[in-house]
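Below is one structure; the comments refer to it alone.
Chain identifiers are assigned alphabetically (A, B, ...) following the order of the sequence lines, protein sequences preceding nucleic acid strands; residue numbering begins at 1 within each chain. As the structure is a prediction and not an experimental result, all values here were calculated from the model.
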Protein chains: 2
Amino acid sequence: MNTAATTRDPELTRRQILAAALELFVDQGFADVSMRQIAEKSGVTKSLIHHHFGSKDALWEATKEAALSRYVADQMQELEQATTVDGSLLRDGVIKYFRFLQDNPQVVRLLAWTHMEGDATCGEMDAALARLGAERVRQAQQGGVFRSDVNPMHVVTMFVLVCTQWFQARSHHAQWPGMGSDEEFLSDFLAIYMDGLAPPPAD
Amino acid sequence: MNTAATTRDPELTRRQILAAALELFVDQGFADVSMRQIAEKSGVTKSLIHHHFGSKDALWEATKEAALSRYVADQMQELEQATTVDGSLLRDGVIKYFRFLQDNPQVVRLLAWTHMEGDATCGEMDAALARLGAERVRQAQQGGVFRSDVNPMHVVTMFVLVCTQWFQARSHHAQWPGMGSDEEFLSDFLAIYMDGLAPPPAD
DNA sequence: GCATGAACTGGCCGGCCGGTCAATTGCCGC
DNA sequence: GCGGCAATTGACCGGCCGGCCAGTTCATGC
């Protein structure tokens, strides 16, 4: 029958280990996860993890790399395929980013853990992403679509901060009285954000 | 001379333990701090920490309580002493909150750790704060100072998310090209935020 | 068909973990 | 001044930690 199912498959093993490690690290953070937990969850021996990844620290780096490089690639593709530069591009970008975080809570938490570590490596990864976004905003400013008296990178950063923290601290703010749903918050944010970016009325 | 310096002082001991615990927990997170580290840093025995606080978990709760209750009290006082309800009240509130986080990086990180834990307890603590802020916004909306088509709690949440995440993920975004200083970002955020909140021009 | 090396296993290591406990020290009310 | 009790100490516990290593299994190239 299927030979590959019962035989050795180091690539599959690596993927199983990475998947188990991602889930546990995302839930509990690096320090609170033991190699024994990862071994049990992935169905392999603790020694085998060391064989493939070397150490707990190296596995953590590999886990972050695997999860976040895919995320950056996805986002970059979204941004590059956009051609027109107008107000709706930014609006759609915000919505896409919001939906992405909504659909990928693991990425949200993984990013949060790296922030707590002060890890600068993955900041570099999406710096290119941010630069590209800021460039689009700058073009829209020059085209008179947005006000020109604000730093384009700040415009990008502003919505990234809002979306990220909305999902990151969800358990916290969800208890605040009168807080609306994801959709309602996104809608109100966009209303204030987009109107705040409108150029001053011509005088 | 000073008798209190060499003699027993359980209150001082408690404060020393809490101070050391706060610093370590803020830096490394709960899971990565050992009772031995806290003992060494605070200059007391590990057993003594157990005597005063019972367990590592209880010390963690006491540490959060001690640090965050002061923070909430400070903020609440700020908000309550405000009397007039106009646009500059919100603007000043944002600035005060931004400055507070700027001056208290420990609070920023402590809040971040509790978010990662999914701790709901301290969310309750500042729910009253958020409710009061939202009420002020609602009053301003009724007074025609702000647009009325957005949820007041979302208005409050929006600036809290921006300020919090700005400092929380600083090491990350600081690498983005063209990013400005704290002051420049705050200024640009306020410009977009306050203009976005302006009521639609009367027709 | 067999040598080779990677994939994989189980057991073991020293060390640190949070927590306990019996014993000592010093303050304070009587 | 002394009895009692909280504050404080250091030694100790079982258990888990990350990592290592000697040995076994298996695919693959010759």
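Taking the nucleotide of DNA chain D with the nearest heavy atom to each of Arg36(B) and Thr13(B), the more 5' of the two is matched to Thr13(B).
Put simply, CG on Asp9(A) is 16 Å from C1' on dT25(D), counting in whole angstrom units. Rounding to whole angstrom units, CD of residue Glu40(B) and P of dG18(C) are separated by 13 Å. Rounded to an integer number of Å, the gap from Ile49(A) CD1 to dC17(D) C1' is 14 Å. Atom CG in Leu48(A) sits about 15 Å away from atom P in dG19(D), given to the nearest Å. Atom CD1 in Ile17(B) sits about 11 Å away from atom P in dA7(D), given to the nearest Å. Atom C1' of nucleotide dC16(C) and atom NZ of Lys46(B) are separated by 10 Å, given to the nearest angstrom. Counting to the nearest Å, the P atom of dC16(C) and the CD atom of Gln28(B) are 15 Å from each other. Atom-to-atom, CD1 of Ile38(A) to C1' of dG18(D) comes out at 11 Å; the value is rounded to the nearest Å.
Closest to the His50(B) side chain, of the nucleotides dA7(D), dA7(C), dG18(C), is dG18(C). For Ser34(B), taking side-chain heavy atoms from C-beta onward, the closest of the listed nucleotides dC20(D), dG18(C), dC17(D) is dG18(C).
On a pure distance criterion of 3.5 Å, no polar donor-acceptor pair joins the side chain of Arg8(B) and the base of dT8(D). Contact annotation: side chain of Ser47(B) to base of dG10(D), donor-acceptor pair present below 3.5 Å.
Side chain of Asp188(A) to backbone of Asn151(B): a donor-acceptor contact under 3.5 angstrom is found.
Ring planes of Trp113(A) and Trp113(B): tilted class, angle from 30 to 60°. Aromatic ring orientation, Phe98(B) versus Phe167(B): tilted (interplanar angle from 30° to 60°).
A salt bridge links Arg99(A) to Glu183(A): one of the charged nitrogens lies within less than 4.0 Å of a carboxylate oxygen. Between Asp182(B) and Arg170(B), at least one side-chain nitrogen of the basic residue sits less than 4.0 Å from a carboxylate oxygen of the acidic one, meeting the salt-bridge criterion.
Residues of residues 53-67 of chain A having a heavy atom closer than 4.0 Å to DNA chain D, listed by number: Ser55(A), Lys56(A).
Among the protein residues, Thr45(B) comes within range of the nucleic acid bases, having at least one heavy atom under 4.0 Å from a base atom.
Judged by the 6.0 Å and 45° rule, Arg91(A) forms no cation-pi pair with Tyr193(A). Under the 6.0 Å distance and 45° angle rule, Arg109(B) does not count as a cation-pi partner of Phe25(B).
Applying the 4.0 Å criterion to OP1 and OP2 of dG19(C), one finds that His51(B) has every side-chain N and O outside that range.
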